[in-house]
Amino acid sequence: MSVPPKQHNLAARMAVWSSRHHRKAIWGWLGLVVILVALGSAVGTTQISDVDQFSGESHRAEVALHRAGLRPVKEVVFVQSDKLTVKDPAFRAAVADVSRRLSGVKYVEHVRSPLRPGGDVSADGHAALVNFEIAGDSNEARERVDPTLAAVAAAQARHPGLDIEQFGSASAGKAVTATIGDDLKKAGELSLPVTLIILLITFGSLVAAGIPLLIGITSVMAALGLVALPSGLLPVDANLAAVVLMIGLAVGVDYSLFYLRREREERAAGRSEDGALIAAAATSGRAVLISGTTVIVAMAGMLISGDRTFISFAEGAILVVAIAMFASLTVLPAMLSWLGDRVEKGRIPVLGRRRDAAGRGRFWVGLTGGVMRRPGVSIVLAGGLLVLLAVPALQMKVVTSGIDQLPQDLPIIKTYDKVRAVFPSQGVTATVVVQADDVHSGATAAGIAALRRRVAGSDAFRPGTEVSYSADGTVAQIDVPTPGNGTDAPSVRGLDELRDTIIPATVGRVDGTTVNVSGDAAGSRDFADQLNSRLPLIFAFVFGLAFLLLLVTFRSIVIPIKAIILNLLSIGAAYGILVLVFQKGNGESLIGFTAIGGVTNWLPLFLFVVLFGLSMDYHVFILSRVRELHDRGLSTDEAVRLGIASTAGTVTSAAAVMVGVFAVFVTLSFLDFKELGLGLAAAVLIDATIVRGILLPASMKVLGDWNWYLPGWLEWLPRVGAQRDAAEDRGPGEPEVADPQRHAPAPV
């Protein structure tokens, strides 16, 4: 390639190197992906422990229980018969068989038969529980639970006249992991053909469509392998693979799409193969670099939350975006240099003609022109619609993911429902943890007794309160059954009465004691409280760094302020849609779920940082073209009109890919995935149509040259956003590209 790298920006220099060494770039990338996948598979991925799923007071309670040995991995075997009771020999024989089989399984400890005094037998005698524990922490227990499930299945086969089923944290965790795995497999199987179809429509050729898909897939594979390596020290959330798949496939395809479409446009406008590649790298490549950095900055905001789940999401999202950005700036130009015009191989005639047609361009030119003729009306109507959609978000309630988020037709969930109906103490409980020098005697013991009496006399709780003590007598665990599902109003009422009334009036008054409450309701409340306390810092971090990035990129103080406002409108509208659907229950039968009265607790913050970053992708891509045209001498109005018209096809295609990938997750069985998919798909669709197609050109028309206002005291900022004249991006002997002031851009 004839143009010295020093004449170009970083993205162009990376393209020059990759094109000169395309074999090294391509084979080096593929080798790196294979190595990372192999290492990740060999090391395995460690998930966050149960203790670290909690925040605040509930986390302190769980830590105390874990250290005291009161949080073993417990399992129960539910034995039930409609005809037989625990007094019948056949029933007793089944219970004895289960106990015997479990006692012979490795890692099984403390098998407790209901036939012994104090065993768990229902009031009518038709059901009983065989209790046991699995040695190790929650992650180890999930790996060791299979032999116990096999033993219980063998007992069921031996005694077909009774129902013999297992439930517990390990067996439920195993079922959840399997459900997530099945969902991710389905998501991959659906996402890839959907993405390929959209890319085929976009490019009209198999080779051109396959390149962005290859970049996206390999970026996801590399990120999943890489994130597994430090998971022993930095455990990750079980949902991280889904996050990496969604984000990685979306940005990997989008970044490649931006780059490849610009390269094809420059080639169609008359540049040589090398010149088109350099021009695409210097413009769209630079936009990818800025966009990816902005997304990474937004994702980094989750690190401030202090929550292990968000930290793992940030880790995975940052890695996959960085990898996709790197691949788009190195591997993609290497492939384009190697293929040249062969990138158009495998053209599909019908789709190819559709791509070359001017109809789609005329639509965006017409829409932009109409919006800019009546910018005030456009802003009021489009902005009013988004505000109206965002209003329900003011009523958003967050709930902790639990049993209700899982498909209710899973066998493990049906077993849980049976156990909870017959044995309330095995269902939803509020766990009061008392720490003192001696919890067995004195004022502490009296306080615990008083607490139990107050609980028994309140209609906010269910019967069956149990107390367990640590071996050294310094910790007492009081499990108080509550009505509800753990996150609804009855459960919250029980938590409030415990924390605000009963504990302060009983054991909480005893000097030298520490009392904390855990459980589903407590975990949900404490998570929300911690997150709310960190939100100002997170918002300041994301807004501040995004503002600085756009300020330096476009040398305007107006552009970043406007971008933040427009992004917040689309995010607010997405929040409102989530509340209307998943909290209010609209569309339950259509999507296939049961509303649980709220939005899963990790989703609002995650959606904010992801959508803020992804929205910046389109904003930077469009405004980079607008600024490029403006710097070449066009007026602001003409630059906006031509800039949006020339990028609309790319943005539409990129948004279609994202919406397609995200919408696939709405079809999955796990409720968290449905919420995540719908929230992201709705926001991206709104952002690519209403925000970028109407509000952006309308607001730029109203502001005019004020769009580029930069206070005099900021003139010292480096001109990293300045565009050079087109001639500076041509190599020796390349033909001059048509001046955009005299001719419209090539169709996109």
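The figures here come from the full heavy-atom set of this structure, side chains too, leaving out hydrogens, waters and symmetry mates.
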- If you measure from CG on D307 to CD1 on I48, what distance do you get to the nearest 0.5 Å? 7.0 Å

- Message: How long is the straight-line distance from CZ of R454 back to OG1 of T506, given to the nearest 0.5 Å?
- Response: 7.0 Å

- Query: Okay, side chain of E140, backbone of A135: is any donor-acceptor separation there less than 3.5 Å?
  - Reply: no

- Query: Do side-chain atoms of E588 reach the backbone of F582 as a donor and acceptor pair under 3.5 angstrom?
  - Reply: no

- Could you go step by step and tell me if T148 and E75 meet the side chain to side chain donor-acceptor pair (under 3.5 Å) rule? CA-CA 9 Å; T148 68; E75 294 282 308; 5.4 Å; no

- Determine, step by step, whether F78 and F167 satisfy the ring pair (Phe, Tyr, Trp, His ring centres under 6.0 Å) criterion, reporting the C-alpha distance in whole Å, the side-chain angles of both residues, the deciding distance to 0.1 Å, and the verdict. CA-CA 8 Å; F78 181 66; F167 178 81; over 10 Å; no

- Item | Residue pair A90 / L162: nearest heavy atoms and the distance that separates them | O-CD1, 4.4 Å

- Query: Does S458 reach the main-chain N or O of V455 with its side chain, forming a donor-acceptor pair under 3.5 Å?
  - Reply: no

- Supply the atom-to-atom distance T465 OG1 to R453 CZ, rounded to the nearest 0.5 angstrom. 13.0 Å

- Could you tell me which non-hydrogen atom of S231 sits nearest to which non-hydrogen atom of T45, and how far apart they are? OG-CA, 3.5 Å

- Query: Counting N and O atoms only, with roles assigned by atom type, does the side chain of H110 sit under 3.5 Å from a partner on the main chain of F132, one being a donor and the other an acceptor?
  - Reply: no

- Message: Looking at V507, is its backbone amide N or carbonyl O close enough to the side chain of T513 to form a donor-acceptor pair, meaning the two atoms are under 3.5 Å apart?
- Response: yes

- Item | Criterion side-chain contact (heavy atoms from CB on, under 4.5 Å) on V475 and Q477, from CA distance to verdict | CA-CA 7 Å; V475 178; Q477 172 184 339; 5.7 Å; no

- Query: If you draw a 6.0 Å radius around CG in L394, do more than 12 non-hydrogen atoms from other residues or ligands fall strictly inside?
  - Reply: yes

- Item | From CD1 (I591) to CD (E675), nearest 0.5 Å | 10.0 Å

- 4.5 Å side-chain heavy-atom contact, L607 and L578: yes

- Task: Mind running side-chain contact (heavy atoms from CB on, under 4.5 Å) on V63 and F54 for me, showing each step along the way?
- Result: CA-CA 9 Å; V63 169; F54 293 86; over 6 Å; no

- Sub-4.5 Å side-chain heavy-atom contact between P481 and F461: no

- Point-to-point distance, once rounded to the nearest 0.5 Å, from CD1 of I478 to OG1 of T429: 12.0 Å

- Determine the minimum heavy-atom distance between A155 and V98, stating which atoms define it. CB-CG2, 3.7 Å

- Taking 4.0 angstrom as the limit, do K414 and D163 come out as a salt bridge? no

- Item | Minimum heavy-atom distance A170-I134, with the two atoms named | CB-CD1, 4.1 Å

- Donor-acceptor contact below 3.5 Å, side chain S470 vs main chain A476: no

- Message: Check this for me: does any side-chain nitrogen of one of D97 and R101 sit under 4.0 Å from a carboxylate oxygen of the other?
- Response: yes

- Message: Between S669 and D183, is there a side-chain donor-acceptor contact under 3.5 Å, judged purely by atom types and distance?
- Response: yes

- Query: E62 and side chain to side chain donor-acceptor pair (under 3.5 Å): which partner among Q53, R67, R71?
  - Reply: R71

- Taking C-beta and beyond as the side chain, do S191 and L249 meet within less than 4.5 Å on heavy atoms? yes

- Under 3.5 Å: donor-acceptor pair, side chain of S524, backbone of A521: no

- Message: Is any side-chain heavy atom of R158 closer than 4.5 Å to one of I164?
- Response: no

- Message: Quick check on D124: does its CG atom have over 12 non-hydrogen neighbours (other residues, nucleotides or ligands) under 6.0 Å away?
- Response: yes

- Is a salt bridge present between D88 and K83, judged by a nitrogen-to-oxygen distance below 4.0 Å? no

- Query: Which one of D237, N239, D52 satisfies the side chain to side chain donor-acceptor pair (under 3.5 Å) criterion with T309?
  - Reply: D237

- Message: Just so I know, are the side chains of P114 and V86 near enough to count as touching, which here means a heavy-atom distance under 4.5 Å?
- Response: no

- Can you check whether W602 reaches D672 side chain to side chain, under 4.5 Å on heavy atoms? yes

- Query: Just by modelled atom types, is the Q583 backbone N or O under 3.5 Å from a matching donor or acceptor in the Q395 side chain?
  - Reply: no

- Worked check of side-chain contact (heavy atoms from CB on, under 4.5 Å) between V194 and V661: CA-CA 7 Å; V194 167; V661 171; over 6 Å; no

- Would you check, one step at a time, whether the test side-chain contact (heavy atoms from CB on, under 4.5 Å) holds for K174 with D146? CA-CA 9 Å; K174 190 80 174 180; D146 282 343; 3.2 Å; yes

- Message: Strictly distance-based, threshold 3.5 Å: is any side-chain N or O of T179 a donor or acceptor partner for the main-chain N or O of A175?
- Response: yes

- If the plane angle is over 60° it's perpendicular, under 30° parallel, otherwise tilted; pick one for F527 and F310. tilted

- Message: Is any side-chain heavy atom of E57 closer than 4.5 Å to one of V517?
- Response: yes

- Message: Testing the basics here: between A489 and K397, what is the closest heavy-atom pair and its distance to 0.1 Å?
- Response: N-NZ, 4.4 Å

- Query: Can you tell me how far CG of L678 sits from NZ of K674, rounded to the nearest 0.5 angstrom?
  - Reply: 10.0 Å

- Message: I'd like to know if the side chain of Y575 reaches the main chain of P604, judged simply by a donor and an acceptor atom lying under 3.5 Å from each other, with no hydrogens or angles considered.
- Response: yes

- Message: Is the shortest side-chain heavy-atom distance between D459 and R493 below 4.5 Å?
- Response: yes

- Mind checking whether F673 and F665 have parallel, tilted or perpendicular rings, split at 30° and 60°? perpendicular

- What's the shortest heavy-atom distance between A460 and P483, and which atoms? O-CD, 3.3 Å

